[in-house]
2 protein chains.
Amino acid sequence: MSQKFKSLKNDKETKLQDILQVALKMFARYGYKKTTIEDIAQEMGMTKSNIYFYVANKKDLYEKTVGNELIQWRDTIGREVEQVEDIVEKFRIMVSRAFEYLFSHKDLHTIVVNDPGIFTLSRDQDRFLEINLGAMQVIRMVLQQGVSQGRFYPVDIDVTTDLLFSIYIMFLIKTSVASEIQSVSRMVEAGTELILRGLCAP
Amino acid sequence: MSQKFKSLKNDKETKLQDILQVALKMFARYGYKKTTIEDIAQEMGMTKSNIYFYVANKKDLYEKTVGNELIQWRDTIGREVEQVEDIVEKFRIMVSRAFEYLFSHKDLHTIVVNDPGIFTLSRDQDRFLEINLGAMQVIRMVLQQGVSQGRFYPVDIDVTTDLLFSIYIMFLIKTSVASEIQSVSRMVEAGTELILRGLCAP
DNA sequence: ATTTGAACAAATGAGTCAAAAGTTCAAAAG
DNA sequence: CTTTTGAACTTTTGACTCATTTGTTCAAAT
């Protein structure tokens, strides 16, 4: 029975994932407003009322769709960072791979461009706070390792994590504005080296 | 005649300044939409049509009002920075005084909170680009001095100026969101020290 | 050079309405 | 017991009208 229960849950979770993939394409192509539940149901070959078996409402569907992508993004970078030995190199990889990921996932990138509210500098209007707290955890780990290894200055971990995450979001906002992508990547590079110099103890 | 011309221009400029001061109070109190040209004219003791002798239209009045404040802000900080000898202290003063200024000018602060578009990370939707380019000039000067004195690493001045200005705007956006003011000021302090360490050559 | 009043133009808010989209749920299907 | 459906219900949207307010212009007066 536990077996059956689990397999059923898996089926539901799998179909939800299918829905989220379809929704991702739709939202990227038409935007939130122009995409209807019926559109997505049709593409899935089901009726729109059935969508409500998987999500609570349209907004929930959208947030599950975007949130799903953000989680994969975060976890991918987290895994890649873990595999790097040297702490300075780890920091560089964390930054560069995070930006590369966004550029190579066009649907997510399009959604982000059309919905600037996804990245916000104000914590209390962050619709993906929980996910972002996890992303901050990646930064925090790197700082902690650097400090405990004696490679970094003994900075205040919490404040510095907030600071670096805010700078990261600032760059994401800048890259989300279609124009000026070239100048931003130069700024990211310069910023990474400047901050690494500021972090590293002599 | 040159004398007369000049005094007349001064009168006009002076009255424009009066209008901008009245408009500042009004816009801070009621916001852009709820403030009418008639409100301001009445407060000035003139008719609304006369306002158009000083400004082109309502939007122009608003931008002159805000722009005027931004220019005073920028110039005040610029003057204060000039008077500091030591380059590191100069950098610290530039940052701390810029934030203190905003907090001590409540009308400007209120307007900024109600119109988040005043501070934008996207250059091509910056309504005050010209003024902000001047503000960046203050940063650029400090960087140039630091580098030419050999106190700072020979960083790329243009890219680093862009970077620091973006971080500055990021902080302004965060402080414009009523909440979390305390945590932001700690981040500004931490950020200033981190960046100074990254800038300073050993 | 400044100011005004009167006239004109544009924007706004309230109200109506039908169509479209979102949502619920009892019953059917598997 | 899980999943799906069709039909009914509710909410939102967009198009339209209309009176009022607000923004803007300009010739004439100060």
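Note on naming: letters A, B, ... go to the chains in the order of the sequence lines (proteins, then strands), and numbering restarts at 1 for each one. These values consider heavy atoms only, across backbone and side chains, with no hydrogens, waters or symmetry-generated copies.
Take B/Glu130 and apply the side-chain contact (heavy atoms from CB on, under 4.5 Å) test, not counting sequence neighbours, and it matches no residue. Residues satisfying the side-chain contact (heavy atoms from CB on, under 4.5 Å) test with B/Lys59, not counting sequence neighbours, are B/Tyr32, B/Asn57, B/Glu63. With sequence neighbours excluded, no residue satisfies ring pair (Phe, Tyr, Trp, His ring centres under 6.0 Å) with A/Tyr30. Looking at residues two or more places apart in sequence or on another chain, you find a side chain to side chain donor-acceptor pair (under 3.5 Å) between B/Lys90 and B/Gln145. Not counting sequence neighbours, B/Asp75 has no partner by the salt bridge (charged side-chain N to carboxylate O under 4.0 Å, His left out) test. Here A/Thr47 pairs with A/Ser49 under the side chain to side chain donor-acceptor pair (under 3.5 Å) rule; sequence neighbours left out.
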Tabulate below the donor-acceptor pairs under 3.5 Å that side-chain atoms of residues 113-122 of chain A make, not counting sequence neighbours, or state none.
| unit_1 | atom_1 | unit_2 | atom_2 | d |
| --- | --- | --- | --- | --- |
| A/Asn114 | ND2 | A/Thr110 | O | 3.3 |
| A/Asp115 | OD1 | A/Gly117 | N | 3.3 |
| A/Asp115 | OD1 | A/Arg127 | NH2 | 2.9 |
| A/Asp115 | OD2 | A/Tyr62 | OH | 2.6 |
| A/Asp115 | OD2 | A/Arg127 | NH1 | 3.3 |
| A/Asp115 | OD2 | A/Arg127 | NH2 | 3.1 |
| A/Thr120 | OG1 | A/Ser122 | N | 3.0 |
| A/Ser122 | OG | A/Asp124 | OD1 | 2.8 |

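Sorted by first and then second residue, the side-chain hydrogen bond (donor to acceptor under 3.5 Å, both in side chains) pairs with a member in residues 158-169 of chain B read A/Lys174-B/Ser166, B/Arg140-B/Asp158; sequence neighbours excluded. Sorted by first and then second residue, the pairs that involve residues 33-43 of chain B and meet side-chain hydrogen bond (donor to acceptor under 3.5 Å, both in side chains), not counting sequence neighbours, are B/Thr36-B/Asp39.
Residues from residues 62-69 of chain A with heavy atoms under 4.0 angstrom of DNA chain C: there are none.
Bending across the helix from C/dA1-D/dT30 to C/dG30-D/dC1, expressed as the angle between its end axes from five pairs apiece, amounts to 50° (10° rounding).
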Start with the C-alpha distance between A/Phe91 and A/Val95, add both sets of side-chain angles, then the distance that settles side-chain contact (heavy atoms from CB on, under 4.5 Å), and finish with yes or no. CA-CA 7 Å; A/Phe91 189 97; A/Val95 176; 4.0 Å; yes

What does nucleotides 23-30 of chain C look like as a protein-contact string, B for base, S for sugar-phosphate only, - for none, at under 4.0 angstrom between heavy atoms? BBB-----

